[in-house]
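Notes follow once the structure below has been shown.
One-based numbering along the sequence shown.
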Amino acid sequence: MTESVPTRGSLRSRSAALLSMTTLRQISAVLPPEQPWGLWLSRQIVSGIMDGFGPSLAGARTESVDVHHDGRRVVGEWVRARGVSTGRGAIYFVHGCGFALCSPRTHRRLTSWLSQLTRLPVFAVDYRLAPRHRFPTAADDVRAAWDWLTAQVPAEHVVIAGDSAGGHLSVDLLLQPDVAANGPAAVVLFSPLIDLTLELARACEDFRRDPAIRAADAARLVRLYSTGVDPTHHRLKLDVAGGPSLPPTLIQAGGAEMLLADARHLVADIRTGGGCCILQVWPDQVHVFQALPRLTPEAVKAMKHVAHFIDTSMRDNGIEAISGKAG
């Protein structure tokens with residue numbers, strides 16, 4: 001059994017949120033993502049935070065992938081924790097960071113931890129980034145990688161996981177009828193971005209300031225990808241009237257972040273459409289705190305919930321996934 005979600009964040013995590021409010025939030029306000037130097041520096045800062053406060057990489061193995069499948073290029077990497085082999089199933093991971101900042105490398109500590117906890121290999125797609133590649137390039141790359149992956153591993157033996165903008169890309173993939181009808185065993189989303197205009201986030205910001213970034217600054221970053229998008233694509237919405245429901249879904253969000261509003265919006269859509277969705281709001285936590293166990297102790301507890309959810313979902317699909325210990 002996993003521990004319940006706490007009613008208040010630890011002193012360490014609350015202190016981290018306060019420190020972020022006085023540093024990272026201020027820095028993000030003055031770095032122009034439209035300028036090459038501002039984008040480069042933002043990438044270095046995020047990469048440094050993920051490396052400095054992420055879980056250990058000890059024993060993890062990576063294997064680069066650069067192939068062509070059905071006329072489309074697929075780039076990414078397999079990540080396997082010590083002792084993890086192929087054959088039972090897989091996790092398909094779609095990273096976030098505003099469609100412009102991160103990569104499988106920045107998220108390698110998180111994906112290796114996922115592999116360790118679930119005893120499953122993780123494939124992290126390396127989709128092309130904005131501003132060089134705008135909408136719908138990232139979504140196209142995510143779909144191409146899904147088609148390649150499920151040509152090797154049955155879709156019902158795959159769990160899709162994504163954070164932030166990767167959550168947006170994951171849900172966008174699942175909204176495609178053929179994927180939804182023959183979709184994965186389950187979905188795990190960390191602080192998913194649903195509304196590309198950040199209007200939901202702005203409304204949430206009226207009640208509580210996000211420790212890491214202002215909604216207006218996040219919107220500037222996302223616009224590097226979404227400029228020119230048809231407004232009907234700005235906010236993902238499930239076809240609750242008659243479309244297929246999403247697979248069993250676990251969504252985790254921090255209580256201190258503005259994308260909590262997006263998470264709640266998505267949960268409402270999934271449940272209205274008849275899908276099974278668990279929402280966990282972790283009090284006082286920052287955006288994608290699960291990637292930062294050296295900064296916030298709640299990351300370990302949250303990842304235990306993730307491992308248990310994936311384990312249960314895989315067993316329900318006839319796959320024995322033996323979860324390891326969080327650490």
Side-chain angles (χ1 to χ4, degrees), residues 92-102 127 130 134-136 138-139 142-143 160-176 179-180 183-184 186-208 210 212-227 229-241 243-282 285-290:
Y92 180 39
F93 189 85
V94 188
H95 72 80
C97 285
F99 307 98
L101 299 183
C102 287
Y127 59 83
R134 300 183 184 271
F135 176 90
V142 168
R143 176 59 198 259
I160 294 179
D163 72 292
S164 193
H168 188 283
L169 292 167
S170 298
V171 176
D172 181 71
L173 174 67
L174 288 161
L175 290 179
Q176 298 173 44
V179 176
V187 181
V188 175
L189 301 175
F190 305 120
S191 307
L193 169 66
I194 299 302
D195 178 13
L196 296 182
T197 68
L198 277 292
E199 290 178 2
L200 290 171
R202 292 176 202 271
C204 189
E205 193 177 49
D206 289 341
F207 296 94
R208 182 171 184 173
D210 188 298
I213 192 171
R214 296 173 175 85
D217 298 324
R220 290 173 64 192
L221 179 64
V222 170
R223 277 198 298 271
L224 297 180
Y225 176 69
S226 64
T227 296
V229 175
D230 184 323
T232 60
H233 291 287
H234 279 158
R235 184 180 298 180
L236 292 177
K237 186 169 180 60
L238 278 64
D239 181 8
V240 298
S245 60
L246 262 62
T249 303
L250 170 63
I251 299 175
Q252 293 182 338
E257 65 169 315
M258 60 187 173
L259 288 190
L260 175 57
D262 289 58
R264 286 174 169 157
H265 174 85
L266 178 58
V267 170
D269 267 6
I270 293 174
R271 290 176 177 171
T272 301
C276 176
C277 183
I278 300 170
L279 172 63
Q280 293 181 342
V281 180
W282 290 77
Q285 299 305 312
V286 298
H287 185 58
V288 194
F289 68 95
Q290 300 88 343

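- Using bins of under 30°, 30° to 60° and over 60° for the plane-to-plane angle, the ring pair Phe99/His168 lands in the perpendicular bin.
- Expressed to the nearest 0.5 Å, how far CE of Met258 lies from CZ of Arg208 amounts to 13.5 Å.
- Here Asp269 contributes atom CG and His265 contributes atom NE2; the two are 4.5 Å apart, rounded to the nearest 0.5 Å.
- At a threshold of 4.5 Å between non-hydrogen side-chain atoms, the residues Leu246 and Cys277 do not count as touching.
- Contact check for Val171 versus Leu189: side-chain heavy atoms found under the 4.5 Å cut-off.
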Kindly determine whether Leu259 and Leu198 satisfy side chain to side chain contact (heavy atoms under 4.5 Å, CB included), including the steps that lead there.
CA-CA 9 Å; Leu259 288 190; Leu198 277 292; 4.3 Å; yes
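- The shortest non-hydrogen separation linking Gly254 to Ser191 is N-OG, 4.3 Å.
- Nearest heavy atoms, Leu224 versus Ala130: O-CB, 3.5 Å.
- Here CG of Leu260 is found 12.5 Å from CD of Gln252. Values are rounded to the nearest 0.5 Å.
- Gln176 contributes atom CD, which lies 8.5 Å from atom CG of Leu174 (distance to the nearest 0.5 angstrom).
- Taken to the nearest 0.5 Å, the CG atom of Leu193 stands 8.0 Å off from the NE2 atom of His287.
- Arg134 contributes no side-chain N or O that, together with a main-chain N or O of Ser226, makes up a donor-acceptor pair within less than 3.5 Å.
- Closest of all the heavy-atom pairs between Glu205 and Ala215 is OE2-N, 3.0 Å.
- The CZ atom of Phe289 lies 8.5 Å from the CD atom of Glu257; values are rounded to the nearest 0.5 Å.
- Closest non-hydrogen pair, Ala165 versus Gly98, comes out as CB-N, 3.7 Å.
- Without hydrogens or angle criteria, Asp262 side chain to Asp195 main chain gives a donor-acceptor distance under 3.5 Å.
- Between the Asp163 side chain and the Phe190 main chain, no donor and acceptor come within less than 3.5 Å of each other.
- Using the six-membered ring where Trp is involved, Tyr225 and Phe135 have ring planes that are perpendicular, over 60° apart on the 30 and 60° scheme.
- Just one of Leu279, Ile160, Ile270, Val267 meets the side chain to side chain contact (heavy atoms under 4.5 Å, CB included) condition when paired with Thr249; it is Ile270.
- In this structure, Ile213 and Asp217 approach most closely via the heavy-atom pair CG1-CB, 3.8 Å.
- Residues Leu200 and Arg264 have side chains not in contact (no heavy-atom distance under 4.5 Å, counting atoms from C-beta outward).
- Listed here is the closest heavy atom pair of Ala261 and Cys204: CB-CB, 3.8 Å.
- In this structure a side-chain-to-backbone donor-acceptor pair under 3.5 Å is missing from Tyr92 to Ser170.
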